[in-house]
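In what follows, a single structure is set out as structure tokens and then discussed.
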Amino acid sequence: MSDNLINIENLTFGYGKELLHKGINMEFQRGKVSAIMGGSGSGKTTILKLIGGQIQPKSGSVSIDGQVVHNQNLSGIYKLRRKMGMLFQHGALFTDLSVYENVAFPMREHTDLPENIIKDLVLMKLNAVGLRGAYKLMPTELSGGMARRVALARAIALDPDIIMYDEPFAGLDPISMAVICDLIRTLNDALGATSIIVTHDVAETFSFADYIYFVADGIVAAEGSPKQLMASKLPFVKQFIHSEKDGPVPFHVSAPSYNSDLAL
Amino acid sequence: MKILINFFEKVGYSITSRINRLGMATRLFFLIIISSGESFRRFHLTMKEIYFTGVMSLVIIIVSAFFVGMVLGLQGYYTLQKYGSSEAIGVLVALALVRELGPVVTALLFAGRAGTAITAEIGLMKATEQLSAMEMMAVNPVGRIIAPRFWAGVIAMPILASIFSMVGILGGYVVAVIVIGVDEGAFWSQMQANVDFRYDIVNGVIKSLVFGVACTIIALFEGFDAPPTAEGVSRATTRTVVTSSLVILGLDFILTSFMLGG
């Protein structure tokens, strides 16, 4: 069995003629927490959609456990997705279902478990994210951090092999952020899963990720462990890690000269 | 010359994009049919939607039907009495409701009340990534979300149209018999003698079934196709009402001409 659960090889993807990814190579090791970092609009979330088979690459491949995702038919893709859990940026909880029903949803859809077993499993998952006491609430009654934790409980409902997180820290207060960081690491290790996090929060990610990819200009600009990247002399990585406003990623969007725009 | 080219470009784009949307709506319709197994295997999903689209529309349907029936009774009486046939008021009210107003007005009200709710709900589910989340859980959103709503609309519409016609007749009865004083026996017996089950009632039910399919598929498609923004959902909701209304009235003419011709 290969060490890598997911392999991305020479991946290109774009909308229309514009290429967002221009030959991306990534490997995600089993049991590890890997992060994909980069600026807004660099195509980080798109990589998760490509892994999940929601969109097709222009060329190259994404394979999970040796199976090329985009070569599968719909039932094959659904089979692969049953091995995945995904936490969406704002949770994407079903607003017409209670917290309990949201977590029970994948179990009801994919298993024939009796109600008493579903109840035990839902409460166990909610307990793992610290929200067992909130099982009766509706999504509209939850704070942003709580909604993210419920979505995490739902993502791990069927004990997936792969857990993907899309911007799990966006808009959270420091306490909720610390809770989510801790949960990502703990759940990954407890379930023996492989986790992929898409984020641009440096401090949090560097504190618990095993391996990090930096995406910029459609390619992997840098990769390595948090320690290696902290020591990196690459200008892009330095600018990103130290939050410098100008550098390889310019402050100004490309535009005609200032004088010509102001007709001077 | 450039203005003319731009004009034809815009017209061409508008036509091709409408044809494209029609094709996508047709594709969605066939996807719904293919994915409908679950709507019947797990009928509670469809029942829940029947409650939201059908039962929750009852108030507006009943109140509107009562007023429409009363107006028909009033207008019909003053027209018929000129010809000395005010006893035929029962037939007039019943035929107008069962053949035309029942199915058509119900469908228009349904588009405004339930259709917009369906579009907004599906559009917001898309905007908040609920449909994507479902796909990532290996659950087909067309089978789980769209198909139950479609069948709920198709089942609810003829029932609502029948209720509309019944309440409308009651409204006509109140005005014609209780208020104006038309003979009660003449009101009901003329209706019983002149309303044909096959040509009037069944045709009315067929109309409402067709309107149910049209209204629901338009509402679902607009929601499914809505850009995932507040403005996108708002525009889609408006389009649901406008398109549904035009389609209902157009289909009504086509169906009526076939039914009368047959």
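Everything quoted here is computed from the prediction, not taken from an experiment. Numbers restart at 1 for each chain; the letters A, B, ... are given by sequence-line order, proteins then strands.
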Need one label for Leu93(A): side chain, backbone, both or neither, based on atoms under 4.5 Å from any heavy atom in chain B.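 For Leu93(A), backbone heavy atoms alone lie under 4.5 Å from chain B.
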
I need the minimum non-hydrogen distance between Gly43(A) and Leu20(A), along with the two atoms involved.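 Closest approach of Gly43(A) to Leu20(A): CA-CD2, 3.8 Å.
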
Which of parallel (below 30°), tilted (30 to 60°) and perpendicular (above 60°) describes Phe169(A) and Phe208(A)?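 The rings of Phe169(A) and Phe208(A) stand perpendicular, inter-plane angle above 60°.
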
Does Phe110(B) have its ring centroid less than 6.0 Å away from the ring centroid of Phe164(B)?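 Not close enough - the centres of the two rings lie 6.0 Å or further apart.
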
Taking 3.5 Å as the threshold, show me the donor-acceptor pairs across chain A and chain B, one per line with distances to 0.1 Å.
from, atom 1, to, atom 2, distance (Å)
Gln54(A), NE2, Glu135(B), OE1, 3.3
Arg81(A), NH1, Glu135(B), O, 2.9
Thr95(A), N, Gln130(B), OE1, 3.4
Thr95(A), OG1, Gln130(B), NE2, 3.4
Asp96(A), OD2, Lys48(B), NZ, 3.4
Glu109(A), OE1, Arg42(B), NH1, 3.1
Glu109(A), OE2, Arg42(B), NH1, 3.3
Glu109(A), OE2, Arg42(B), NH2, 2.9
Glu109(A), OE2, Arg144(B), NE, 2.7
His110(A), NE2, Met137(B), O, 2.5

Taking C-beta and beyond as the side chain, do Met86(A) and Phe88(A) meet within less than 4.5 Å on heavy atoms?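 Of all side-chain heavy-atom pairs linking Phe88(A) with Met86(A), at least one is under 4.5 Å.
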
If you draw a 6.0 Å radius around CD1 in Ile33(B), do more than 12 non-hydrogen atoms from other residues or ligands fall strictly inside?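 Above 12, so yes.
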
Point-to-point distance, once rounded to the nearest 0.5 Å, from CG of Leu109(B) to CD1 of Ile60(B):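 Going from CG on Leu109(B) over to CD1 on Ile60(B), the span is 5.0 Å.
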
